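Down below is the structure, laid out as structure tokens.
Every chain is numbered from 1 and lettered A, B, ... according to where its sequence line falls, protein lines coming before strand lines. What you see is a predicted model; the values in this text were computed from it and never measured. Computation of the quantities below employed the complete heavy-atom set of this structure, encompassing side-chain atoms and omitting hydrogens, waters and symmetry-equivalent molecules.
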2 protein chains.
Amino acid sequence: MPYIMDNPFKSISILYRKSHIWLNNGCAQYDLTAPQAVIILIVCDFKTLTQDEITKRLSLDKSVIAKTVTKLEETGFIIRSTNAKDKRTYDIRPTDKAWKVYPFLKEELDICFQRMTQRMTDDERAEWKRLLLLAAETTIALED
Amino acid sequence: MPYIMDNPFKSISILYRKSHIWLNNGCAQYDLTAPQAVIILIVCDFKTLTQDEITKRLSLDKSVIAKTVTKLEETGFIIRSTNAKDKRTYDIRPTDKAWKVYPFLKEELDICFQRMTQRMTDDERAEWKRLLLLAAETTIALED
DNA sequence: TCAATATGGTGGCAATTGCCACTTCATTAC
DNA sequence: GTAATGAAGTGGCAATTGCCACCATATTGA
């Protein structure tokens, strides 16, 4: 079946959904879902973040972050502590449990990327990655 | 805020969610949601399709297509008729109402694409589009 | 021919997400 | 200092999606 008349919107949708299914399956062994894994990754990357910072970096609604972070606290992957300077905000930090799965989660992401780019040359892969990042940053910058 | 330590998985997620929000807003004037618009586009592209063909082309679960198609029939954008050769399948065809919005939906998709690639050169835009399509096709081919 | 298997489609349930209204605390303007 | 505005976070609701069990019809194999 040829995929003529295709457009980038459809491609992005397919890549998003499939990569989430892959990541969900890959993370099940750690009792994590894909969105939980993404938050652990970003919290480990930055060591300390507020919920609002996560919201901005992932460009997700703040209520979505609140729900996922609550669950991650319950399951012991992160710790929340009230910020001393601003009592409205939480400082979010990874626990040892998070640091333990961190390298495996990065590996899972890598597997996803390799899977969807397996027909690309190394140059194409690097260029695609660069342009994806450029587009995502452009998109984030658009909203105020 | 610098977006260091970023990865393509996160970029794809952001692009998917934002483009859907944009398309939803753009399609509201036609009383359509983004997923409904995508199905109208593909049905108009191919003139006649079964639900299963839509499922394969969009790489969505068949029950999702069934639900959306049912709604589109109720709102008069498509017609379902039982296939003569296989009574289990429907032939799905666009109505005049679908053909009327079709060019505008294509325009909306174009606006989305322009928005997220506005910092790219024409060459980069074309290359990104090509690689997106390649990755999406690779992804679809992976599942059996 | 007839049983076993495969395929297209439907309905139910749970998870993720987006939007909105709301609370609490900070900051700004007067 | 106090009122008005803004920002961080929460909870509720609806829409989309994925998975599973199921039904009806085709196809295959003995």
Electrostatic pair B/Lys56:B/Asp52 at N-O distance under 4.0 angstrom:
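Between B/Asp52 and B/Lys56 there is a salt bridge, with a charged N closer than 4.0 Å to a carboxylate O.
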
Using a strict cut-off of less than 4.0 Å between a Lys/Arg side-chain nitrogen and an Asp/Glu carboxylate oxygen, indicate whether A/Glu127 and A/Arg130 qualify as a salt bridge.
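Yes, A/Glu127 and A/Arg130 are salt-bridged.
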
Does A/Lys87 reach a base, just sugar-phosphate, or nothing at all? Heavy atoms under 4.0 Å.
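Counting heavy atoms under 4.0 Å across all strands, the contact made by A/Lys87 is with sugar-phosphate only.
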
Pick base, sugar-phosphate or nothing for B/Thr33, based on heavy-atom distances below 4.0 Å to the nucleic acid.
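Result for B/Thr33 = sugar-phosphate.
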
Starting from the 5' end of DNA chain D, give me the residue, B/Lys71 or A/Ile21, whose nearest nucleotide shows up first.
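The residue whose closest nucleotide sits nearer the 5' end is B/Lys71.
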
Test side-chain contact (heavy atoms from CB on, under 4.5 Å) applied to B/Ser11 and A/Ile140, A/Leu134, A/Leu132, A/Thr139, the passing residue:
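The passing option is A/Leu132.
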
Test B/Arg80 against every option in B/Thr70, B/Asp91, B/Thr50 by the side chain to side chain donor-acceptor pair (under 3.5 Å) rule and name the one that passes.
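Among B/Thr70, B/Asp91, B/Thr50, the one that satisfies the side chain to side chain donor-acceptor pair (under 3.5 Å) with B/Arg80 is B/Thr70.
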
Can you say whether a donor on the side chain of A/Arg88 sits under 3.5 Å from an acceptor on the base of C/dA26, or the other way round?
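There is none.
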
Kindly indicate whether the side chain of B/Lys67 and the base of C/dG12 share any N or O donor-acceptor pair separated by less than 3.5 Å?
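Flag set: donor-acceptor pair detected.
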
Quick one: is [N] close enough that its OP1 or OP2 comes under 4.0 Å of any side-chain N or O from [X]?
X       : N      : value
B/Gln51 : C/dT10 : yes
B/Arg80 : C/dT10 : yes
A/Ser63 : C/dC20 : no
B/Tyr16 : D/dT17 : yes

Would you kindly compare A/Asp86 and A/Pro35 by the position of their nearest DNA chain C nucleotide and give the one closer to the 5′ end?
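Final value for this comparison: A/Pro35.
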
